[in-house]
Amino acid sequence: MPDSCCSVGCTNRRGNKPGLCFYRIPSEKENPERRRLWICAIKRAFVTAEGKEWQPSKYTRLCSEHFIKGAKSDDPSSPDWVPSVFLQTTATKKRKRKKDVEKYEQSKREEEIKEQAAVAVLLKLSSVPAKPPEDEQKCDGKVCKEKIARLQKECNDLREENCRLKAILKSGTFHELALGKDDKKVKAMT
């Protein structure tokens, strides 16, 4: 049985249009809030006999034409997290939704620029030489030795942190939460 779109007035069926995708309605188990938002957006009529709200089955599908960019997004901050383009959607609302997408994409670009700047700072910090130059003055006093030991410990701690941050960057999970709860680090990155 081919998939057909559950939106009122939409006649799209799988195979009718090239590039058309069909999406399942989010499940109650995985994301009940998103499911509720999708059902509200679809605006199906109430079932009059039982007086209950329409509930999609596990086979119910919605086509990609009901998303601003033509595909659903799994990012909750994206306007395409919930479908919003329907026959009953006015032209004014459609224009507003397109502006929302532009704002979302702009904020994503700004976020990427900040991440790239943070990466550049971290890479610059990692290029600090590991050993002090040979021409530095040597000190044999007790105070100097204690200071050198403290500085070497601090340097080793910073190297470990640098390695940890490089691993975070390589894994692609770089964001404020990855830095932990150290406000100084978060402020330094912004």
Side-chain angles (χ1 to χ4, degrees), residues 3 5-8 10 12 14 16-44 56 58 60-128 158 160-190:
D3 293 329
C5 184
C6 69
S7 177
V8 176
C10 185
N12 289 333
R14 189 175 301 278
N16 282 3
K17 295 181 182 177
L20 192 66
C21 297
F22 286 82
Y23 302 106
R24 284 191 172 119
I25 309 299
S27 75
E28 185 70 36
K29 262 186 192 177
E30 293 173 11
N31 199 330
E33 178 60 18
R34 188 175 189 189
R35 178 182 176 87
R36 185 187 67 73
L37 292 170
W38 276 47
I39 291 171
C40 288
I42 293 169
K43 295 181 182 174
R44 295 286 301 224
K58 64 181 180 180
T60 304
R61 302 288 188 273
L62 185 71
C63 75
S64 56
E65 286 189 355
H66 301 289
F67 297 90
I68 299 166
K69 290 183 73 179
K72 76 172 186 167
S73 172
D74 291 326
D75 181 357
S77 62
S78 170
D80 278 333
W81 194 62
V82 175
S84 60
V85 179
F86 296 96
L87 291 176
Q88 67 269 20
T89 306
T90 64
T92 306
K93 282 187 179 180
K94 287 179 184 176
R95 281 192 302 273
K96 184 191 178 309
R97 295 225 175 21
K98 285 185 181 180
K99 287 181 183 177
D100 289 345
V101 167
E102 290 169 6
K103 286 179 188 176
Y104 168 75
E105 289 174 346
Q106 178 64 29
S107 71
K108 284 292 182 189
R109 282 190 294 271
E110 289 171 359
E111 192 176 296
E112 287 174 6
I113 290 169
K114 286 179 183 178
E115 285 181 9
Q116 289 171 353
V119 168
V121 167
L122 289 172
L123 291 175
K124 186 176 180 182
L125 287 174
S126 70
S127 66
V128 174
L158 289 171
E160 287 176 16
E161 182 180 16
N162 191 8
C163 288
R164 183 180 61 83
L165 292 172
K166 281 182 180 179
I168 290 170
L169 288 173
K170 285 181 182 177
S171 71
T173 58
F174 181 72
H175 51 78
E176 289 179 11
L177 295 176
L179 295 173
K181 294 187 177 186
D182 192 343
D183 290 337
K184 291 178 187 174
K185 292 179 194 170
V186 173
K187 287 179 184 173
M189 301 309 282
T190 56

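With sequence neighbours left out, W81 forms a ring pair (Phe, Tyr, Trp, His ring centres under 6.0 Å) with no residue at all. Applying the side chain to side chain contact (heavy atoms under 4.5 Å, CB included) test to K103 and every residue at least two apart in sequence or in another chain returns nothing. A search for side-chain hydrogen bond (donor to acceptor under 3.5 Å, both in side chains) contacts involving K166 returns nothing, not counting sequence neighbours. Every residue two or more places apart in sequence or in another chain that forms a side-chain hydrogen bond (donor to acceptor under 3.5 Å, both in side chains) with T60 is listed here: S57. A search for side-chain hydrogen bond (donor to acceptor under 3.5 Å, both in side chains) contacts involving Y23 returns nothing, not counting sequence neighbours. Remark: Q106 engages R109, E110 in a side-chain hydrogen bond (donor to acceptor under 3.5 Å, both in side chains) (not counting sequence neighbours).
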Full working for salt bridge (charged side-chain N to carboxylate O under 4.0 Å, His left out) between R36 and E33: CA-CA 5 Å; R36 185 187 67 73; E33 178 60 18; 2.7 Å; yes
side-chain contact (heavy atoms from CB on, under 4.5 Å) evaluation trace for K17 with N12: CA-CA 8 Å; K17 295 181 182 177; N12 289 333; 3.3 Å; yes
Stepwise side-chain contact (heavy atoms from CB on, under 4.5 Å) test for K72 and L62: CA-CA 10 Å; K72 76 172 186 167; L62 185 71; over 6 Å; no
Verdict with reasoning, R24 to E30, per salt bridge (charged side-chain N to carboxylate O under 4.0 Å, His left out): CA-CA 12 Å; R24 284 191 172 119; E30 293 173 11; over 6 Å; no
Steps toward side-chain contact (heavy atoms from CB on, under 4.5 Å) verdict (E161, R164): CA-CA 5 Å; E161 182 180 16; R164 183 180 61 83; 3.9 Å; yes
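Taking the side chain as every heavy atom from C-beta outward, C10 and C63 approach each other to under 4.5 Å. The shortest distance between side-chain heavy atoms of I25 and R35 falls below 4.5 Å. Between D74 and R34 the shortest side-chain heavy-atom distance falls below 4.5 Å. Taking 4.5 Å as the limit, some side-chain heavy atom of I42 sits within range of a side-chain heavy atom of F86.
For the pair D100 (side chain) and P79 (backbone), a donor-acceptor distance under 3.5 Å is absent.
If you take NZ on K108 and OG on S77, they are separated by 4.5 Å, rounding to the nearest 0.5 Å. Remark: S64 OG to K69 NZ distance equals 13.5 Å, nearest 0.5 Å. To the nearest 0.5 Å, atom OG of residue S73 and atom CD1 of residue I68 are 10.5 Å apart. Between the CZ atom in F22 and the NE2 atom in H66 there is a gap of 8.5 Å [rounded to 0.5 Å]. Here R14 contributes atom CZ and C5 contributes atom SG; the two are 11.0 Å apart, rounded to the nearest 0.5 Å. Of the inter-residue distances, the one linking R61 atom CZ with S7 atom OG reads 15.5 Å to the nearest 0.5 angstrom.
Between K114 and E111 no salt bridge is recorded (no basic side-chain N to carboxylate O distance below 4.0 Å).
Taking the six-membered ring for Trp and the full ring otherwise, the centers of W38 and F67 sit less than 6.0 Å from each other.
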